Amino acid sequence: MKKYYLEDVAEIVSGATPLTKEKKYYEGGTIAWITPKDLSGYNHKYIYEGHRSITEEGYESCATYKIPQGAILFSSRAPIGYVAVAGKELCTNQGFKSFVCNEEIIYNHYLYYYLKFHKKKFESLGNGSTFKEISRKTIGKYEIELPSVAEQKSIVDELVQFDDKYEHNSTMLNSIQSLLEMLYIQYFENRAIKYERKRIADVAEIITGGTPSTRNESYWKNGVYDWYTPSDIASNENLISFSAGKKISVLGLANSGAKLIPKDSVMMTSRATIGECVINLSEATTNQGMLSLIPDKKNVNSLQLYFWITRHKSLVESISNGSTFKEVYKKDIEQLEMEVNQEMLEKFMEKAEPALAYYISILQENCLIEELRKRIMNALFL
């Protein structure tokens with residue numbers, strides 16, 4: 001094992017932002033441009049695109065830098081510690097310090113896992129009053145102990161294999177979800193089929209949420225009910241969720257506006273970010289930024305409701321109100337109407353159920369991979 005400064009094992013590259021008022025720097029852009037926001041809730045190892053791309057003129061107008069495929073992106077402010085591997089040549093804004101590794105000294109995947117595991121340590125190195133930031137000088141002088149490159153590859157080989165499997169599974173999940181959406185369109189958006197239009201209030205019970213007092217530890221300690229917030233939904237790219245980031249106790253449920261939502265309901269964000277949703281596979285609760293739809297199975301089921309919401313997101317957003325932030329209220333969404341046909345629902349589920357079962361099994365495998373990844377990293381880097 002030998003000690004090095006990070007600046008001695010990798011070129012550390014900063015990014016920049018083209019003037020946002022100049023449309024020509026962004027419209028029709030083909031150069032991938034990543035910001036820390038693009039990595040918020042991002043659960044993949046590789047990143048290929050951000051929410052925005054920039055033009056060649058935008059690239060030339062600022063001090064951003066094209067980093068090669070395989071470079072390690074590390075967010076250095078707001079917040080510190082998001083990590084990803086560049087899946088192709090791309091550039092970033094100023095919120096990153098990216099590492100172009102010297103392959104003779106450090107294996108890029110080894111650095112990726114090292115940075116992820118030591119996130120809190122790097123956060124502690126940040127300075128600033130408005131928001132914490134870690135400077136290039138500070139991160140460059142960070143000391144890391146490294147075995148040989150061959151040993152580094154051997155150490156993280158299992159993690160690399162797990163992540164490759166995770167990415168393969170994620171591609172499969174996207175394909176199955178697209179298939180399910182196509183089936184939904186076939187059976188519920190077909191002009192040749194006659195539907196009955198019913199109010200949401202007539203096909204689903206809508207439940208609001210609440211937040212137990214955060215000052216009362218007994219409402220949170222040893223929590224038993226998953227407690228979803230809009231951020232849980234926004235960070236979940238799948239149509240199904242097994243668990244939330246936090247749990248509340250029986251006392252927390254009894255002493256707040258939170259209500260118990262049965263499994264196979266649809267939980268939808270109703271304020272700030274509106275219309276993001278997920279199907280819960282176990283009993284759950286939510287905060288007040290959510291509306292939960294419990295389907296009346298004589299008319300609809302959770303999968304039909306899920307796709308109706310996602311495909312009518314602009315309609316749901318259009319009934320929102322509020323000056324500080326937009327919010328959709330229970331009484332308003334209850335009045336929206338959707339197409340219902342029991343015969344089509346049965347045919348839809350006959351085709352959808354095998355695909356959905358496969359989807360759930362793959363998602364369970366990815367959850368297991370995430371848990372194994374944490375345990376292996378603890379064993380390797382603790």
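Model, not experiment: these values are computed from the prediction. No hydrogens, no waters, no symmetry mates; every other heavy atom, side chains included, goes into these values.
Glu151 and Ser154 form no side-chain donor-acceptor contact under 3.5 Å, judged by distance and modelled atom types alone. Checked by atom type, the side-chain pair Thr208/Gln288 shows no donor-acceptor distance below 3.5 Å. When only modelled atom types and interatomic distance are considered, Asp163 and Tyr112 share no side-chain donor-acceptor pair under 3.5 Å.
Contacts of Thr138 classified as side-chain contact (heavy atoms from CB on, under 4.5 Å), with partners at least two apart in sequence or in another chain: Leu125, Ile134, Ser135. Scanning for side chain to side chain donor-acceptor pair (under 3.5 Å) contacts around Thr17 gives Gln94, with sequence neighbours left out. In this view, Tyr107 satisfies the side chain to side chain donor-acceptor pair (under 3.5 Å) rule with no residue, not counting sequence neighbours. In this view, Phe188 and Tyr184, Phe348 satisfy the ring-ring contact (aromatic ring centres under 6.0 Å, His included) rule, not counting sequence neighbours.
When side chains are defined from C-beta on, Leu363 counts as touching Ile240, because their heavy atoms get closer than 4.5 Å.
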Exercise. Yes or no on side chain to side chain contact (heavy atoms under 4.5 Å, CB included) for Gln335 and Ile200, after CA distance, side-chain angles and deciding distance?
Worked result: CA-CA 6 Å; Gln335 302 309 311; Ile200 298 297; over 6 Å; no
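Screening Glu346, Lys351, Lys347 for a side-chain hydrogen bond (donor to acceptor under 3.5 Å, both in side chains) involving Tyr187 leaves a single residue, Lys351.
Proximity of a side-chain donor or acceptor of Tyr26 to a complementary backbone N or O of Ser53 within less than 3.5 Å is not detected. Remark: the backbone N or O of Gln186 is paired with a side-chain donor or acceptor of Asn190 at under 3.5 angstrom. Of the possible polar contacts, none joining the Asn301 side chain to the Lys297 backbone as a donor-acceptor pair under 3.5 Å is found. Tyr42 places a side-chain N or O within 3.5 Å of a backbone atom of Tyr46 that can act as its donor or acceptor partner.
Smallest separation of non-hydrogen atoms from Thr92 and Ile67: CG2-CD1, 4.4 Å.
Taking the six-membered ring where the residue is Trp, the centroids of Tyr114 and His118 are separated by under 6.0 Å. Aromatic pair Phe74/Phe122: ring centres closer than 6.0 Å.
For residues 252-271, the set of pairs meeting the salt bridge (Lys or Arg N to Asp or Glu O under 4.0 Å) definition, not counting sequence neighbours, comprises Arg271-Glu327.
Other members of the cluster containing Met182 do not exist, because no ILVMFWY side chain is joined to it at under 4.5 Å.
For the pair Arg373 and Tyr166, the cation-pi test (distance below 6.0 Å, angle within 45°) is passed. No cation-pi contact links Lys247 to Trp220, judged by a cut-off of 6.0 Å to the six-membered ring centre and 45° from its axis.
Salt bridge present: Glu57 and Lys24 bring a charged side-chain N and a carboxylate O closer than 4.0 Å.
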